[in-house]
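To find a chain, count down the sequence lines: A is the first, B the second, and so on, and within it residues start at 1. Below, each value reflects all heavy atoms present in this structure, side chains not excepted, and no hydrogens, waters or symmetry copies.
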Amino acid sequence: MKNIELARLFDQIGDILEFRGELIFKINAYRKASRAIHELTVDVADLWQQNRLAEIPGVGKGLQEKIAEYLSSGTIIEMEALLQGVPKDLFELLSIQNFGPKTAALAYKELGVETIADLQRVIGDGSLAQLPGMGAKKVENIRKGVELRASASDRISIGLAIPVVEEILEYLHKTVGDKIGRITPAGSVRRGRETVHDIDILVETSQGAAVIDAFVHMPGVTQISGAGDTKGSVMLQDRVQVDVRAVDKDSFGAAQQYFTGSKEHNVHLREIAKKMGLKINEYGVFSGEERRGGETEEQVYQLLGLQWIPAELREDRGEIEAAAKDQLPQLLDLKDIKSDLHIHSNSSDGQYSLADMAEEVRKMGYSHMAFCDHSRSARYANGLEETRLLRQIDDIRTLQKKYDDFTILAGCEVDILPDGSLDYPDSLLAELDFVVASIHSAFKTDPTARTLAAMQNKYVDVIGHPTGRLISRREGFEIDINAVVEMARKTGTALEINSFWDRLDLCDLHARLAVEQEVKISINTDAHHPTHLPMMRYGVSTARRGWVRKSDVINTFSLEALKKWQKRNQTVSKRVK
DNA sequence: GCCGTTTTCGGCCCGACTGTTTTCAGTCG
C-alpha cells in the first residue's frame, strides 16, 4: 500500500509550500488530503484503478492528478522543483518547537541554515539573534526546542498517560479540592487516542491562580514552562507535558468542547456555526455580542442543531453529519462488558495460577471468562503440549466447581503456523470451549492467507491481535485487512481488539471497517497478570473510536448467547467451502 | 487546492501567548 507514502509526500509538499510563503489555504488543502489518505482503509492504488479517487474527501482534480502521477511513475515532478531552494533538512527543522516556517525561511536566506547542526551553530554564535524580528528570548526558546526534540519522544501511549492523569486528578482533589468544581481530562486523552502528545486537564474554579499554583508545584514536575491565572504548563518526569486550564463555571462546557478537539472536529463545527450566524470559542457560543450558552457541552452542540457527540468520535470522520441527522450510533460502554475471553495463566507465560487469576477476573464483575494459554509451538511462551492442555481442561472443570455465579471457559490461543494450519488438530480444539487463533511467528510469511485459512476452521471463534502491531516497537505485518474482514463476515468469526495498550489491535479505523461489514468484535485484555485486567478500558475506548455498538461485541453477550453465536454450535454452518 | 441550502468565484476557524515592536507577526493548539 502506497497510502502512507503518499500521505507523507502531501504533508511534505505542505511544509515546502509553507516555507515558501504560499497561501495557507493551499497548504491546508494538501494537509487535509494527506490526513484523508492516511486514514483510508482501502488501497489508494485500488481507488485510482477504479477511477474513484474523487471519493476521498478533500481530493479534487489537481490532487487526483498528483496521486495518479505518483502511483504510475513513483514520483511527483513538481516536488523535485519545489525542493530546489529549500534547506536540505527542511522537514526536521520544521519539527522544532518555536521554529516555524517564517523563521526557518529567514534563517535559511540570511544565514544559510540547512540542517539542525547549522541551526545550533547560529544559535551559539549569536548570529540568529541579530536577524530582524529576532532577539535573545526567541533564540532561547528555539534552543530549548532543539533540546526537546533530542530528548522527548513525540507521543506516549494512552496506557502510560492515563495513570499520570489519575495521579494529577488525585493530587488536585487532595490539595485544592475545596476550590474546584468539575474537573476532566480533555484533548486526545479524553478522545481515547492510542497515543497522546500531551495531557490536558480542565478545572472548573473561580480561584484559578491558587489551583494553577498548586498544580505547578506538584511532585514530579521537572520544568515549569508557564504559570498564570488560567493556564499552567509543566513537564512531568522529563517525559510528558501537562497543561492544566482553569475555567469559570459559565464557560466550562465551551472550554471542555474546545480543548477536547480534535482540531479537525472543531474547525468543522465552527464552519457550521459561521453559516448559522454564530461564533464558537472556548468561552461560549455567541450570536453577535450576545452569549447564547456554554455552561455544558450539550448546550454547545444543541445550539448548532446537533446531538451531543461522544468525545471518542470527534475526529471529523462523519460524526458531525450523523449528529445533525440524529443518527449517531449507540456506542459500546465499559459497563456493557460481561467477559474477558483471552486470559493467560502460569501454565504458559502468565504469572498467576488458574485459580488465582480466575478469582481476579471474577472481581472485575464479569459473569464469565476464557483461559487462552499459548499452544505448543509457542516455545518462548511455554506453550502447552496436547497432554498438558488436556490436563488444564480438567483443572478448569475442577476449578469451576468453586463457582456458581461465574463461568470459566477452557480455551486456548492457538498459533496459526507458517503453512496456515493450526497448532492443534481439530479433535483437540473440539474439546475446548473457546478458541482464539493468532499469528506469533513468521510475520513475513503470507499472514493474510494464513489468517483467512484459520477463520475457515469452525472451532476458531476469534482472530487474536489481527495485525500484530506493537505501537511503540513495530508496524503490523502486511495484512490485507479488507480480505480478513470479508472472510470474518463469511465465516462468522470475530476479530479481536486486543486491549493491551501497546497493541490496541485492531485499531479504531479497522474496527470501524469490521462493524460496517457486520463482523463481530471481541475485546480482550490478553492479561498475563491481574494488573492487566483494567486495560479493558483501552480496548473499549478504541472500539468507541471505531463506532462500535454494544451489539457488535461478543463480550457483551450472556454465556448462553455466546454459545449460540459460536460457529461450532450453529445448525446451519457458515463455513466457506 | 477545494468547494457550493447565499457562491463555479471568493471564500476557506479562532484565540492566546510571546516577543518584538510601538500596532503586529509568528507560533501554537
Side-chain angles (χ1 to χ4, degrees), chain A residues 10 13-14 16-19 21-36 53-67 76 78 82 93-107 128-142 144-145 148 186-189 191 196-200 202 225-233 241-243 245-247 251 254-255 257-286 300 304-305 316 320-321 324:
Chain A
F10 279 1
I13 293 178
I16 299 169
L17 296 176
E18 193 171 32
F19 176 84
E22 290 272 356
L23 210 61
I24 187 68
F25 307 111
K26 187 172 173 177
I27 295 156
N28 285 342
Y30 277 97
R31 291 184 175 155
K32 198 172 173 188
S34 165
R35 178 172 177 268
L53 287 176
E55 290 174 21
I56 307 172
V59 172
K61 205 157 175 291
L63 292 182
Q64 283 175 52
E65 283 172 9
K66 290 200 168 61
I67 294 171
I76 294 177
E78 194 183 334
L82 282 173
L93 285 169
L94 290 181
S95 72
I96 294 167
Q97 288 272 312
N98 307 314
F99 191 68
K102 300 283 194 258
T103 316
L106 184 70
L128 186 62
Q130 297 304 310
L131 296 180
M134 300 302 288
K137 285 188 175 174
K138 271 194 175 183
V139 171
E140 175 57 15
N141 284 334
I142 294 167
K144 280 184 186 156
L148 187 73
S188 42
V189 169
R191 299 202 310 282
V196 305
H197 179 252
D198 55 15
I199 293 172
D200 286 304
L202 211 59
S225 40
D229 293 348
T230 63
K231 179 181 172 183
S233 191
Q241 181 173 330
V242 185
D243 294 348
R245 291 165 204 276
V247 188
S251 52
Q257 195 291 313
Y258 179 87
F259 288 113
T260 295
S262 68
K263 184 180 172 187
E264 290 80 5
H265 175 91
N266 285 357
V267 167
H268 194 160
L269 277 194
R270 276 173 253 164
E271 278 169 10
I272 290 174
K274 201 168 181 176
K275 281 181 189 147
M276 296 172 71
L278 299 171
K279 187 179 75 169
I280 328 176
N281 57 29
E282 58 264 55
Y283 303 108
V285 181
F286 298 87
V300 174
L304 299 177
D316 196 22
I320 293 173
E321 292 82 351

Between [options], which nucleotide gets closest to the side-chain atoms of [X]?
| X | options | value |
| --- | --- | --- |
| A:E271 | B:dG29, B:dG15, B:dC12 | B:dC12 |
| A:L23 | B:dC12, B:dG29, B:dA16 | B:dC12 |
| A:K279 | B:dC14, B:dC2, B:dG29 | B:dC14 |
| A:N141 | B:dG1, B:dG29, B:dT18 | B:dT18 |

TODO: Sugar-phosphate atoms are those with a prime plus P, OP1 and OP2; base atoms are the rest. Using that split, label each nucleotide of nucleotides 20-26 of chain B B, S or - for protein heavy atoms under 4.0 Å, 5' to 3'.
DONE: SS----S
Would you kindly give the [atom1]-to-[atom2] distance between [X] and [N], to the nearest whole Å?
| X | N | atom1 | atom2 | answer |
| --- | --- | --- | --- | --- |
| A:E18 | B:dG1 | CD | C1' | 15 Å |
| A:E264 | B:dC12 | CD | C1' | 15 Å |
| A:K26 | B:dG1 | NZ | P | 4 Å |
| A:K231 | B:dC28 | NZ | P | 12 Å |
| A:L17 | B:dG1 | CG | C1' | 10 Å |
| A:I272 | B:dT5 | CD1 | P | 12 Å |
| A:Q130 | B:dG19 | CD | C1' | 16 Å |
| A:K275 | B:dT5 | NZ | P | 7 Å |

Tell me what [X] touches on the nucleic acid: a base, only sugar-phosphate, or nothing, going by heavy atoms under 4.0 Å.
| X | result |
| --- | --- |
| A:Y258 | base |
| A:I27 | nothing |
| A:K61 | sugar-phosphate |
| A:K274 | sugar-phosphate |
| A:I96 | sugar-phosphate |

Between [X] and [Y] (side chain of the first, backbone of the second, donor and acceptor by atom type, cut-off under 3.5 Å), is there such a pair?
| X | Y | result |
| --- | --- | --- |
| A:S262 | A:H265 | yes |
| A:N141 | A:N98 | no |
| A:R245 | A:D200 | no |

What distance, rounded to whole Å, do you find between the two [atom1] atoms, one in [N] and one in [M]?
| N | M | atom1 | result |
| --- | --- | --- | --- |
| B:dC12 | B:dC17 | C1' | 25 Å |
| B:dG11 | B:dT18 | C1' | 30 Å |
| B:dT6 | B:dG1 | P | 28 Å |
| B:dA16 | B:dC9 | C1' | 33 Å |
| B:dT21 | B:dG15 | P | 27 Å |
| B:dT8 | B:dC14 | C1' | 28 Å |

TODO: In sequence, state the C-alpha distance, the side-chain angles, and the governing distance for A:S233 and A:Q241, and then conclude on side chain to side chain donor-acceptor pair (under 3.5 Å).
DONE: CA-CA 7 Å; A:S233 191; A:Q241 181 173 330; 3.2 Å; yes
Open item on the list: If you apply the rule side chain to side chain donor-acceptor pair (under 3.5 Å), what do you find for A:Q257 with A:N266, and how did you get there?
Closed with: CA-CA 8 Å; A:Q257 195 291 313; A:N266 285 357; 3.0 Å; yes
Closer than 4.0 Å, any side-chain N/O of [X] to the OP1 or OP2 of [N]?
| X | N | answer |
| --- | --- | --- |
| A:N281 | B:dG15 | yes |
| A:T230 | B:dC17 | yes |
| A:K66 | B:dG1 | yes |

- [ ] With DNA chain B as reference, determine whether A:D200 or A:Y30 sits nearer its 5' end, using the nearest nucleotide of each.
- [x] A:Y30
- [ ] Would you mind telling me which residue lines up with the more 5' stretch of DNA chain B, A:V59 or A:N98, judged by nearest nucleotide?
- [x] A:V59
Open item on the list: Going by the rule salt bridge (Lys or Arg N to Asp or Glu O under 4.0 Å), which residues pair with A:E321 if we only count those two or more places apart in sequence or in a different chain?
Closed with: none
Task: Residues forming a salt bridge (Lys or Arg N to Asp or Glu O under 4.0 Å) with A:D316, sequence neighbours excluded - done: none
Open item on the list: Is it the case that atom NZ in A:K32 sees more than 12 heavy atoms from other parts of the structure closer than 6.0 Å?
Closed with: no
Task: Partner nucleotide, any strand, of B:dT8 [Watson-Crick/G-U, under 3.5 Å] - done: none
Task: Atom pair CG (A:L63) and CD1 (A:I13), whose distance is rounded to the nearest 0.5 Å - done: 8.0 Å
